[in-house]
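This is the structure I want to talk about, given as structure tokens.
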Amino acid sequence: MDAVRFELIKNDEKTKASLGRLRTPHGLIETPVFMPVGTQATVKAMRPDQLKEIGAKIILSNTYHLYLRPGHEIVKAAGGLHKFMNWDGAILTDSGGFQVFSLGDLRKITEEGVSFRSHIDGSKHMFTPEKSMEVQNALGSDIMMAFDECPPYPAEREYVKRSLERTTRWLERCVKAHKNTEKQSLFGIMQGGMYKDLRKLSASQIVEFDLPGYAIGGLSVGEPKELMYEVMDYCVDYLPKNKPRYLMGVGSPDCLFEGVERGVDMFDCVLPTRVARNGLAMTSHGRISIKNAAYEKDFSKLDPECDCYTCTNYSRAYLRHLFKANEILSSMLLTNHNLYFLINLMERIRNSIKDGNFLELKREFYNKYGEF
RNA sequence: GUGGGUAUAGUCAAGUGGUCUAAGACACAGGAUUGUGGCUCCUGCAUUCAUGGGUUCAAAUCCCAUUACCCACC
């Protein structure tokens, strides 16, 4: 029995959007879902009780970062990641594979795994599928991601093909090394760059392992949005409908709509939290850069249609002041709002699928919000 | 009142005759940001050096006057 089980509730009639339920050892999650990112065992600027209050059910954390600091052994000694960070909701851990891509020149990839230098102190380390599983088992996340390679964009077809096939071999090693199947589930990751046949090849290979969930990796790596939509459209079709389909690293409001429309069930993204710390708010009428001089004397609500803690209690002028003054509360209030905005948006999306008017909601949203 | 000193962008300032249509920092104004190396990154912001006059081929830089401020003495 898998630790995490997915149940399809309803398919939208006009699109590939679908409603589902994900049962995890740490709660039931309705899909489509957005997962806030808590890289270092904390969603930056948010307390776990606040995350709970805004409706977060599952967050993402990072193998790479926790392995380097404080060290997975310490997290394990603390009683696991949930206990360590005081979060009793579900946790998905990224495998560290993405750092192979994002750490750029520090990496060296071989069949065995990836050697890299710590961004913290420059020390040398080696990640293999086995090591990634060992670390994620120690962390005790509900969903562990397979150790993969995410090729950059653009990338040569031949390279992408060799990379994807290696990622499949790594997946096989992950499955073998995974020690805690009753409490933790392993998701596979599809690669294949922007090549349709390679995506199909990757999907057919990873689906063989009959895993409890699959992710679409290698998107939102710098390619044009239209291309990403086109690729994600057929990627979803290559994955089984009765398993959750997770689009990694995507989370701007418009992309969420496009993803859901194409059948994606899970999303994660640093965008709302990162952007909040830089003074940007996602509102029902589009983005607001709170540092702009235009808000100096604007005592209205950040988002007139939002009922989050920030919007019910503070003005744009105050938020601008906090940002300009470099106050910690600025990050806290804007992060709280942005996460609430996306989580609330996903709830409205789920309700629209339930009520059969997803496309109407999408159209209404685009009219008011525009693109990210 | 006497002697000395300083006057360069919103602020702090570099620069002491020619590569100054003036360094840098902060502030200010925009922008970026998608499996987080982020109080980060990118862009813009003095045709002008207190004011007036002079010397010189050439002045923010030298000289004179004026104005403002600072210090010391009375």
Side-chain angles (χ1 to χ4, degrees), chain A residues 34-46 58-66 68-69 91-107 116-122 132 136 141 143-151 153 167 187-191 214-225 228-229 232 246-256 258-259 264 266-282 287 289-296 320 322-332 334-335 338 342 371-372:
Chain A
F34 175 78
M35 306 182 281
V37 176
T39 302
Q40 309 205 68
T42 167
V43 175
K44 294 184 198 296
M46 292 288 285
I58 175 169
I59 63 172
L60 179 147
S61 199
N62 199 285
T63 299
Y64 169 86
H65 296 264
L66 296 178
L68 287 179
R69 186 170 56 192
I91 298 176
L92 178 150
T93 41
D94 192 9
S95 64
F98 186 71
Q99 271 60 41
V100 175
F101 164 65
S102 67
L103 287 171
D105 53 308
L106 299 179
R107 70 167 188 257
F116 59 93
R117 281 178 182 275
S118 161
H119 69 276
I120 298 167
D121 61 8
S132 179
Q136 294 189 70
S141 52
I143 299 172
M144 320 195 309
M145 297 308 299
F147 187 67
D148 68 330
E149 187 201 345
C150 179
Y153 173 84
T167 287
F187 280 21
I189 305 176
M190 177 213 282
Q191 290 292 345
Y214 299 96
I216 299 165
L219 283 181
S220 196
V221 288
E223 76 281 12
K225 242 174 201 180
M228 178 175 87
Y229 294 155
M232 95 171 62
Y246 161 32
L247 179 58
M248 305 187 80
V250 172
S252 67
D254 50 350
C255 290
L256 293 180
E258 300 300 331
V264 175
M266 301 165 71
F267 302 86
D268 83 278
C269 196
V270 302
L271 196 67
T273 43
R274 173 185 288 171
V275 125
R277 277 175 273 120
N278 291 315
L280 209 72
M282 299 168 172
R287 308 164 36 152
S289 181
I290 202 64
K291 63 183 171 183
N292 286 3
Y295 306 117
E296 190 179 18
R320 172 177 142 93
L322 290 180
F323 183 83
K324 299 294 286 183
N326 227 319
E327 281 293 338
I328 294 167
L329 188 58
S330 168
S331 292
M332 294 165 65
L334 287 179
T335 300
N338 280 353
L342 287 191
E371 297 199 3
F372 174 70

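What you are looking at is a predicted structure, and each value in this text was computed from that prediction instead of being measured. Just so it is clear: chains get the letters A, B, ... in the order the sequence lines come, proteins before strands, and each one is counted from 1.
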Checklist entry - Would a distance-only check, ignoring hydrogens and angles, find a side-chain to backbone donor-acceptor pair under 3.5 Å from A/T273 to A/T335? => result no
Next on the checklist: If you define the side chain from C-beta out and look only at heavy atoms, does anything of A/P253 sit under 4.5 Å from A/M282?
Outcome noted: yes
Checklist entry - Just how far, in rounded Å, is P of B/G35 from CG of A/N62? => result 10 Å
Next on the checklist: Rounding to an integer number of angstrom, what distance separates B/A72 and B/C28 when you compare their C1' atoms?
Outcome noted: 39 Å
Item to check | All stems with RNA chain B, defined as three or more consecutive Watson-Crick or G-U pairs under 3.5 Å | outcome: B:1-7 with B:67-73, B:10-12 with B:24-26, B:28-32 with B:40-44, B:50-54 with B:62-66
Item to check | Separation of atom CD1 in A/I290 from atom C1' in B/A29, rounded to whole Å | outcome: 16 Å
Item to check | Distance, C1' atom - from B/U36 to B/C41, rounded to whole angstrom | outcome: 14 Å
Next on the checklist: Distance check, P atoms only: B/A9 and B/A60, in whole angstrom units.
Outcome noted: 15 Å
Checklist entry - So does A/K324 get a side-chain nitrogen or oxygen closer than 4.0 Å to the phosphate oxygens (OP1/OP2) of B/A27? => result no
Item to check | Listed nucleotide nearest any side-chain atom of A/S102, set B/U33, B/G35, B/G37 | outcome: B/G37
Checklist entry - Sub-3.5 Å donor-acceptor pair from the side chain of A/S95 to the main-chain atoms of A/A146, do we have one? => result yes
Item to check | Test item: A/D254 side-chain N/O and A/F372 main-chain N/O as donor-acceptor pair under 3.5 Å | outcome: yes
Next on the checklist: Under a plain distance cut-off of 3.5 Å, with no hydrogens placed, do A/Q136 and A/T93 share a side-chain donor-acceptor pair?
Outcome noted: yes
Checklist entry - Quick one: are A/Y153 and A/M228 in side-chain contact, heavy atoms under 4.5 Å? => result no
Checklist entry - What nucleic acid atoms does A/N292 come within less than 4.0 Å of, heavy atoms only: base, sugar-phosphate, or nothing? => result sugar-phosphate
Next on the checklist: Applying a 4.0 Å non-hydrogen cut-off, can you work out what A/Q191 is touching in the nucleic acid: base, sugar-phosphate, or nothing?
Outcome noted: base
Checklist entry - Got a donor-acceptor contact below 3.5 angstrom from the A/S141 side chain to the A/L92 backbone? => result no
Checklist entry - For A/E149, does its backbone N or O pair with a side-chain atom of A/T167 as donor and acceptor, under 3.5 Å? => result yes
Checklist entry - Which whole number of Å gives the distance between the C1' atom of B/U8 and that of B/A14? => result 10 Å
Checklist entry - Are side-chain heavy atoms of A/I189 and A/Q191 found at a separation under 4.5 Å? => result yes
Item to check | Side chain of A/L280 (C-beta onward), nearest among B/G35, B/G30, B/U33 | outcome: B/U33
Checklist entry - Should the ring pair A/Y64 and A/H119 be called parallel, tilted or perpendicular, given that the plane angle runs from 0 to 90° and is split at 30 and 60? => result parallel
Next on the checklist: Between B/U11 and B/A27, how far apart are the two C1' atoms, rounded to whole Å?
Outcome noted: 7 Å
Item to check | Gap in Å between the two P atoms, one belonging to B/C74 and one to B/G3, rounded | outcome: 16 Å
Checklist entry - When we call it a touch if two heavy atoms are under 4.0 Å apart, what does A/I189 touch: a base, just sugar-phosphate, or nothing? => result base
Checklist outcome for this item: Separation of B/A29 atom P from A/Y295 atom OH, nearest Å, is 13 Å
Checklist entry - In whole angstrom, what separates A/Q99's CD from B/U36's C1'? => result 9 Å
Item to check | A/L334 CG - B/G38 C1' separation (whole Å) | outcome: 15 Å
Checklist entry - In whole Å, what is the span from the OH atom of A/Y246 to the P atom of B/G35? => result 9 Å
Checklist entry - The side chain of A/V270 lies closest to which of these nucleotides: B/A29, B/G35, B/A32? => result B/G35
Item to check | Length of the CG-P vector between A/L256 and B/G35, whole Å | outcome: 12 Å
Item to check | Residues, nucleotides or ligands: over 12 heavy atoms within 6.0 Å of A/I120 CD1 | outcome: yes
Checklist entry - For atom C1', what is the distance between B/C62 and B/U16, given to the nearest Å? => result 10 Å
Considering only nitrogen or oxygen atoms on both sides, find all protein atoms under 3.5 Å from nucleotides 39-43 of chain B and state each distance.
| from | atom 1 | to | atom 2 | distance (Å) |
| --- | --- | --- | --- | --- |
| B/C39 | O2 | A/N326 | OD1 | 3.1 |
| B/C39 | O2 | A/N326 | ND2 | 3.3 |
| B/U40 | O4 | A/N278 | OD1 | 2.8 |

Checklist entry - How would you label the contact of A/G122 with the nucleic acid (heavy atoms, under 4.0 Å): base, sugar-phosphate, or nothing? => result nothing
Next on the checklist: By the 4.0 Å heavy-atom rule, please label A/K225 as base, sugar-phosphate, or nothing.
Outcome noted: base
Next on the checklist: Base of B/U36, side chain of A/T273 - is there a donor-acceptor contact under 3.5 Å?
Outcome noted: yes
Checklist entry - If only atom types and distance count, is the side chain of A/N338 paired as donor or acceptor with the main-chain N or O of A/L280 below 3.5 Å? => result yes
Checklist entry - Atom CZ of A/F116 and atom P of B/G37: how far apart are they, to the nearest Å? => result 12 Å
Checklist entry - B/A32 and B/U51: how far apart are their C1' atoms, nearest whole angstrom? => result 44 Å
Checklist entry - Checking all strands, does A/S330 fall into the base, sugar-phosphate, or nothing category for heavy-atom contacts under 4.0 angstrom? => result nothing
Next on the checklist: With a 4.0 Å cutoff (strictly under), does any side-chain N or O of A/R320 reach OP1 or OP2 of B/C28?
Outcome noted: no
